[in-house]
Structure formats: structure tokens, C-alpha cells
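Residue numbering restarts at 1 for every chain, and letters A, B, ... go by the order of the sequence lines.
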2 protein chains.
Amino acid sequence: MTNARDIDADPPLRRDAERNRRLILDAAASAFAERGLGVTMDEIAQHAGVGVGTVYRRFPNKEDLIDALFVDRLDEVTQAADEGLAHEDPWDGLVWFLERSLQLQAQNQGLKELVSGTSHGRERVTVARERLVQKVRELVDHARAAGTLREDFDAFDTPVLQTMLGSVLDFSHDVSPELWRRFFAIVLDGLRARRDAPTPLPAAALDEHQLDRAMAAWKSPRR
Amino acid sequence: MTNARDIDADPPLRRDAERNRRLILDAAASAFAERGLGVTMDEIAQHAGVGVGTVYRRFPNKEDLIDALFVDRLDEVTQAADEGLAHEDPWDGLVWFLERSLQLQAQNQGLKELVSGTSHGRERVTVARERLVQKVRELVDHARAAGTLREDFDAFDTPVLQTMLGSVLDFSHDVSPELWRRFFAIVLDGLRARRDAPTPLPAAALDEHQLDRAMAAWKSPRR
DNA sequence: GCGAAACGGAGGTAGGTACTCAACTTCTGT
DNA sequence: ACAGAAGTTGAGTACCTACCTCCGTTTCGC
């Protein structure tokens, strides 16, 4: 007799199909990471070395593919929040989280787009995002209660902060991938309740050539 | 005898044409200001109450229209830099400029897109932008030399700073148009060489509802 | 009242992308 | 060995968006 689980479970994939599924997942992961959620399904198929039709056989649409790929990535960010929450000093915990989160987003353009509100992704991604937001609020509230974070900073300011630093990621990614650390350090100095002298900046400023390149590549959003 | 100027000068427009030219300029100015350079020529024509053909009769293409409209706006920003340069205290001058520049960009979405590097606009706009960049460098160098601006801040960091704060403008414009002032204040605290306690934040944080709306509307750039 | 200038706006053109489908290929259990 | 189910393919479809053109019609100025 077959039980409920056997009925629900899809039959195993044929060997070639399983291999292609992996190729697609790998290609999609690296394409989304490098160039964001805007990559076309055709590009993903080409990278995977299969036809577009094959991609659509496995993943009915693009959102489903994103969903399958990014739940784990978002969980990594949530885990960073948990690690931050576990720190003894709440300020250190907040900084730990912000830095790790930004670093993950710097490594993964698609994750960045997902974290900062773009409506991409399906239910599982949305749920993961909400869990994250909750934890980040705790993190901020603790740091403020401890008195290291300036008092007038609000938990609802954090997504704006992330968007703001995320734009530095976009701006300079191709030209100086670590530049965000400079501005993160500046912002942190601005977030501390008290401070005597600035914390040294961790990355080099852009030079003229890099700046030109970044500005030329920068496209503003909106409709 | 007709001199060189008469030969170069276009014959005056017919009365109706002149009237429409103004209608188009006005409609384009407010559309670009409110919704950015992405507005379509058809929208502009409709706002002006004329046909698209009429717009194209006066302005051969969209770039020319942008050019005609934005040279003056960019000069306003440059003027703010000059005013900043005229301040007695170089730090106050820098803050004056940044605040005024951001404020102008907050009022004019199109200006914001033009200032932060998008390749829109033709030669006259490009020239105006370069003049501006030069002045901003002076401003930064003075403030650093005076010792109020942190030493490790570089003149080439300024466009990144503007992009960063510009993203706050994009993020919250529809929901809380003054929010940028909060983050501007935070960043300024991070830019000061020394400081005891945080400067009070000038705008309210977003509430949950506003944040949801902003996140939903936020689209990331890239291809 | 005539000719030149200006107008309007439907449609041409170009570019881009998610997704489909019918003909073909590969796998697997017997 | 082979049947037929499962899988593959990629040109094609459907759809969108936005700049710009064209030409029949209207308005202006002399």
C-alpha cells in the first residue's frame, strides 16, 4: 500500500533530466548573483548549456526559479541577524549583522535586489524576508537600549540604511567592490551615540578613472 | 546689409508656435521634475495639450529637450557650490552646498538623475556637470584642510555620497519627501572629524505603513 | 484669400523579454 | 532489442514600451 507521502512525491527524474536540473540551478545562481534578477531566461539557459524549453520544463516560470534559489540565501542573512543577536555587546551585534548582510549582498546582486524590497520572488521568499525584518528590529532596539546607538535612530530606519548602502554597492561594484566599506564606516560613525575621533576608513576612495566608469554605468531607476 | 548674427538667427516663430513652445517647455519641466527623465514624449505632449508631432517640430529629439531645460537647473547647483565656497567656515560651506544640492534634487527628480551620472543630456549639460564637479572638489579640499571634515575623506568620495543620499530620495520621495534630511544628518555626523554627541535628526523616521509602500515601489536598476 | 508654417496623432520601427509548442532525441524497464 | 514515456530544443509568439515620422488638415500673417 502506498501512503500519502508516496502519492504527493513526484516520481524521480530521469538521469539526464536530473543532471540538467543541476546545470540550470548552477547557471541561474551564478547569473543572478553576478548580474541581478534582470538576467533573461534565455541567458540562463545558454549558460547552462540547455534550451529555454528545458528550463521551463523544470521551473514553470522565472519567479519559481528565483524562489527555489534564494530562500537559502535569505536564510543566510537571517542567520547573520541571529549571530548578531547572540553577541554580548548589542552594538557589536548590530555592526556584525549589517556588515555581514552587506557583504552577502555585495557578493550577490540578486540577493541585494531581493532584500531591498523589489517585488520579485514568491511566497517562500516573502516569508523569509519578513522573518528577517523582525529580527533586525530586535537588533536595533537592543543596540539603542544599550546606549551605543544614537537614541533617535528608529528600527524602521534600517531598511532605508540598507537601501542607501546598497546603492553604493550598485554604483561601484564593477570598479571597486569593497568601496561600500568606506561608506559603511562613515555611516557607522554617524550612528554611534558618542565618539571622539573618526574610525579609520577601510577601503580606498575611487580615483578619477574609476569614478568616471562608475558614473557612466550608473542608471537611475523609476518606471 | 545683413550681418552674421542675422544670418545665424532663426526667423521668429509664428504666434501659435511660440505659445506651444512655452506650453511644451512648461509641461516637460514639470513632468521631468516630478517623475524623472523617464517620462515619455507622448506624456509631455499630452500634458502640454499638443500632439507629439508638435513637440518634435520644436525639439528634434528628447535629449535636445532635456538639454534646453536642464542647463539652468544644473547651474543652480553650481551656484550653490559657489555660495558654499564663499562661506567663511569651509565646513559650513560644504554642508550648505550638500544640503542645497540635495534639496534641489529632492524637488526635481530629473535633476537628480542628471547629477548622478546618467548619460542623459547633450553637450551643454555635460559641460555644466563638469564645471560643477570641479567646484565640489575645491569645497571638499577646503573643508578637509580646515580640519572639520575627517581627513580620510576624499574629494572623489563626494559623487558616491550624493548617489547614496540620492537613493534615499528615490526610496522615500512619494512617502516622506523630507526623510533624506535624517540620513543626511547621520552621514554628516559621520563626516565630521570630531564630535561629542549626535546632532539631532531633522525628519521623522518612516512608520511601518510608509516603509511598506516605499519598499513596494522600489525598483532596483541594472539592465 | 493664398501660401507657408504649424499641427495632430495614428502608426512605423526597434528593442526587449517571458513563455510555448511541435518535431525530434534520449532514457529505461521489460 | 525496442516501445513508449520522458525529456529536449529553439525558433516563434505574444506583448510591451517608447522614440520618432508622415501626411492630411488647420492656422497664421501678409
Side-chain angles (χ1 to χ4, degrees), chain A residues 9-28 31-32 35-69 110 113 118-122 219-223, chain B residues 9-28 31-32 34-69 109-110 113 118-122 219-223:
Chain A
D10 304 319
L13 293 175
R14 239 166 61 174
R15 198 168 8 243
D16 54 345
E18 182 56 42
R19 182 177 47 86
N20 283 338
R21 206 186 81 98
R22 272 257 60 86
L23 288 174
I24 291 165
L25 247 14
D26 290 351
F32 284 142
R35 317 211 331 260
L37 304 177
V39 288
T40 67
M41 293 299 257
D42 297 70
E43 283 173 299
I44 291 168
Q46 196 170 0
H47 260 80
V50 304
V52 229
T54 307
V55 178
Y56 279 98
R57 167 162 283 264
R58 259 352 117 206
F59 304 92
N61 55 56
K62 197 178 177 181
E63 300 291 278
D64 282 353
L65 178 55
I66 291 174
D67 208 59
L69 238 25
E113 291 169 20
T118 312
S119 42
H120 270 114
R122 273 188 134 47
K219 309 260 179 235
S220 8
R222 305 281 92 177
R223 296 162 215 235
Chain B
D10 303 320
L13 293 175
R14 234 165 66 174
R15 192 155 30 228
D16 55 345
E18 183 54 43
R19 181 177 47 87
N20 283 337
R21 204 185 83 97
R22 273 256 61 85
L23 288 174
I24 292 165
L25 247 15
D26 290 350
F32 284 142
E34 275 166 40
R35 320 215 324 266
L37 304 177
V39 288
T40 67
M41 293 299 258
D42 298 69
E43 283 174 298
I44 290 168
Q46 196 170 359
H47 260 78
V50 303
V52 230
T54 305
V55 178
Y56 279 97
R57 167 164 286 264
R58 259 351 117 208
F59 304 93
N61 56 56
K62 198 179 176 180
E63 300 292 279
D64 282 354
L65 179 55
I66 291 174
D67 209 60
L69 277 167
Q109 180 69 20
E113 291 168 19
T118 312
S119 42
H120 270 115
R122 273 184 135 48
K219 308 259 180 238
S220 8
R222 304 282 92 177
R223 288 144 230 247

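- The side chain of A:Tyr56 approaches C:dA18 more closely than any other nucleotide in the set D:dG10, C:dA18, C:dA5.
- Straight-line distance from the CZ atom of B:Phe59 to the P atom of C:dA6: 13 Å, rounded to whole Å.
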If you apply the rule side-chain contact (heavy atoms from CB on, under 4.5 Å), what do you find for A:Tyr56 with A:Asp64, and how did you get there? CA-CA 10 Å; A:Tyr56 279 98; A:Asp64 282 353; over 6 Å; no
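- Of all heavy-atom pairs between A:Phe59 and A:Leu25, the closest is CZ-CD1, 3.4 Å.
- Contacts of B:Val39 with the nucleic acid, taken as non-hydrogen atoms under 4.0 Å apart, involve only primed sugar atoms and P, OP1 or OP2.
- Taken from CZ in B:Arg57 to CG in B:Leu13, the straight-line distance is 10.0 Å, to the nearest 0.5 Å.
- Atom CZ in B:Arg57 sits about 11 Å away from atom P in C:dG8, given to the nearest Å.
- Residue-environment remark: CD (A:Glu18) exceeds the threshold of 12 foreign heavy atoms within 6.0 Å.
- Summarising the geometry, the separation between CZ on B:Arg58 and C1' on D:dT21 is reported as 16 Å, rounded to the nearest angstrom.
- For A:Lys62, whose side chain is taken as the heavy atoms from C-beta onward, the closest listed nucleotide among C:dA18, C:dC7, D:dC19 is C:dA18.
- One interatomic measurement links the two molecules: CD of A:Glu43 to C1' of D:dG10, which rounds to 16 Å at whole-angstrom precision.
- To the nearest angstrom, C1' of D:dT9 lies 12 Å from CG of A:Asp42.
- Sorted by residue number, the members of residues 13-25 of chain B with any non-hydrogen atom under 4.0 Å from DNA chain D read B:Arg14, B:Arg15, B:Asp16.
- Using a 4.0 Å heavy-atom distance criterion, A:Thr54 is classed as a base contact.
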